[in-house]
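Basis for what follows: all heavy atoms, side chains included, without hydrogens, waters or symmetry-related copies. We count ligands from 1, going down the list as the structure has it; atoms in each ligand are counted the same way.
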Amino acid sequence: MQQRALLLSALVAVARAQQAGTQTSENKPSLTWQKCTASGCTDQSGSVGIDANWRWVHSTDGTTNCYTGNEWDADLCPDDETCATNCALDGADYSGTYGVEADGDSLSLTFKTGSNVGSRLFLMEDDSTYQMFKLLNQEFTFDVDVSALPCGLNGALYFVSMDADGGLSKYENNKAGAKYGTGYCDSQCPRDLKFINGQGNVDGWEPSDNDANAGVGGHGSCCAEMDIWEANKISTAEAGQTMCDGDSCGGTYSSTRYAGTCDPDGCDFNPYRMGNESFYGPGKIVDTSSKMTVVTQFITSDNTATGTLSEIKRIYVQDGKVIANSASDVSGVSGNSITSDFCTAQKKAFGDEDVFAKYNGMSGMGEGLEQGMVLVMSLWDDHNSNMLWLDSTYPTDATASDPGVARGTCGADSGKPTDVESASADAKVVFSNIKVGAIGSTYSS
Ligand SMILES: *[C@@H]1O[C@H](CO)[C@@H](O)[C@H](O)[C@H]1NC(C)=O
């Protein structure tokens with residue numbers, strides 16, 4: 001059904017679809033990062049591009065909005081195919097519209113700018129190509145300042161299996177490509193995307209009842225996701241690895257991008273949730289009132305880039321001090337890193353269904369990690385659960401003293417988008433000093 005729809009639209013809308021607009025010139029902020037080996041690090045000149053979903057979508061032949069607030073224009077977008085034919089994604093004013101500022105190796109994302117809320121940026125290799133990272137047997141390191149990120153916000157850094165060109169070559173209807181931030185996918189199979197595979201996501205679109213800028217369409221875009229960092233100044237969850245099941249993952253390396261049998265939960269390590277309440281936070285061992293370095297190591301079974309992923313290890317560096325991740329203090333769960341055993345024990349201790357193992361957890365990530373993944377940096381609030389899963393007691397009706405329920409010190413009433421968007425409009429996250437390379441090559445004390 002899906003295949004047929006795609007084929008048909010490819011025939012009908014040959015050269016005109018989801019085009020690129022020219023009202024605002026697209027000038028991506030430059031961002032320097034580094035590749036490292038045992039003998040040192042070398043500068044790479046990259047840039048960041050904002051996701052298509054944040055961009056102005058307007059008529060290809062003028063400036064009429066195709067999408068306003070959380071609704072599609074019925075004339076320009078009566079259905080998926082026609083919408084892609086009639087509408088263009090435009091260039092972005094990064095700092096003026098989206099509060100995105102880059103300076104050297106540093107990227108600052110401000111939460112609210114005018115009516116814009118949050119942002120999602122991709123690291124680019126060049127103006128129309130996402131930078132691909134192959135992380136097996138590698139170490140990924142960055143500095144982050146979360147001191148201006150209160151309860152309810154999430155400054156996230158993660159990897160997803162997107163096409164390097166944003167789907168430009170694969171989907172004839174996509175004329176915008178990575179230059180305009182197309183092709184996003186993740187393990188939640190997001191259905192709030194305005195365009196997927198060069199088509200509008202108009203059919204079945206339901207405007208959100210609590211988000212003035214978003215809605216949910218008939219299609220989702222699924223792919224493997226490797227979370228390095230989801231955090232604010234109160235709590236952090238690291239390296240929650242989420243898995244899909246082969247072709248049904250959808251995404252770059254599958255025949256069925258829409259399928260969506262991802263493991264949406266993955267397996268993560270939040271020190272507070274794992275029983276250490278004094279490890280991460282303002283004034284704590286990893287002190288979130290100032291900048292810190294976050295190191296993540298992707299260890300393979302045979303210590304080569306072709307081995308299977310066996311362990312994801314976290315180390316912090318702050319004020320010249322190397323700080324090992326805290327160890328689990330939860331009964332029945334041991335260790336301070338993510339391994340298959342840790343994930344299985346954690347799911348059991350917390351009474352969660354072990355979807356992670358079902359999708360072959362650690363070792364199953366293989367293809368995505370080996371093929372390369374795109375680096376995403378974002379700042380967001382949570383219209384579904386007020387970010388309580390990260391920084392408070394969750395589920396809200398559970399007993400806080402039960403294993404896995406307490407995740408941070410934020411109140412049960414905190415994190416409501418209407419509150420944070422007015423009270424914390426100036427909140428921001430700063431990512432800087434991104435480095436990737438051989439294990440042990442990207443940090444020192
Ligand atoms: C929390 O982690 C730190 C650093 O690993 C450790 O020194 C401390 O004993 C831990 N506290 C608890 C309650 O586990």
Side-chain angles (χ1 to χ4, degrees), residues 139-147 149-151 154-157 227-241 266-299 310-352 362 387-394 398-412 414 433 439-440 442-445:
E139 179 174 279
F140 183 89
T141 294
F142 61 99
D143 292 353
V144 65
D145 185 340
V146 293
S147 61
L149 277 190
C151 295
N154 188 338
L157 183 152
D227 288 344
I228 305 279
W229 185 251
E230 301 217 60
N232 53 39
K233 67 178 175 186
I234 301 301
S235 288
T236 180
E238 71 142 298
Q241 181 197 359
C267 163
D268 65 9
F269 199 114
N270 169 339
Y272 192 99
R273 194 179 183 211
M274 297 315 296
N276 195 322
E277 301 179 2
S278 54
F279 187 71
Y280 179 94
K284 297 185 179 177
I285 295 170
V286 173
D287 184 359
T288 56
S289 41
S290 64
K291 189 165 83 169
M292 68 188 77
T293 301
V294 180
V295 182
T296 310
Q297 299 175 331
F298 299 90
I299 315 282
S310 59
E311 183 179 14
I312 305 169
K313 242 174 145 161
R314 165 61 46 82
I315 298 159
Y316 297 91
V317 185
Q318 197 172 36
D319 298 327
K321 227 172 73 189
V322 176
I323 307 167
N325 195 30
S326 63
S328 166
D329 205 29
V330 172
S331 163
V333 190
S334 59
N336 71 345
S337 66
I338 293 185
T339 63
S340 283
D341 286 351
F342 169 84
C343 294
T344 301
Q346 186 206 50
K347 298 278 175 189
K348 201 168 160 207
F350 292 171
D352 297 336
M362 295 297 288
M387 218 66 81
L388 301 174
W389 59 271
L390 174 67
D391 58 22
S392 182
T393 295
Y394 191 82
T399 307
S401 55
D402 282 353
V405 175
R407 295 130 193 267
T409 58
C410 297
S414 70
N433 209 10
I439 304 283
T442 67
Y443 73 99
S444 56
S445 52

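A donor-acceptor pair under 3.5 Å is absent between the side-chain atoms of Asn276 and the main chain of Ala327, judged by distance alone. With Ser235 contributing its side chain and Arg407 its backbone, the two residues share a donor-acceptor pair below 3.5 Å.
Residue pairs meeting the side chain to side chain donor-acceptor pair (under 3.5 Å) criterion with at least one member in residues 319-331, sequence neighbours excluded, are Glu238-Asn325. Identified under the side chain to side chain donor-acceptor pair (under 3.5 Å) test for residues 281-292, with sequence neighbours left out: Asp287-Ser289, Ser290-Gln318.
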Next item on the list: Verify side-chain contact (heavy atoms from CB on, under 4.5 Å) between Phe142 and Thr293, making sure each step is shown before the conclusion.
Entry: CA-CA 6 Å; Phe142 61 99; Thr293 301; over 6 Å; no
Where does ligand 1 get N/O contacts under 3.5 Å from the protein, atom by atom?
unit_1   : atom_1 : unit_2 : atom_2 : d
ligand 1 : 2 (O)  : Asn276 : ND2    : 2.3
ligand 1 : 11 (N) : Asn276 : ND2    : 3.0
ligand 1 : 14 (O) : Asn276 : ND2    : 3.4

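For Arg273, the salt bridge (charged side-chain N to carboxylate O under 4.0 Å, His left out) partners two or more places apart in sequence, or in a different chain, are Asp268, Asp352.
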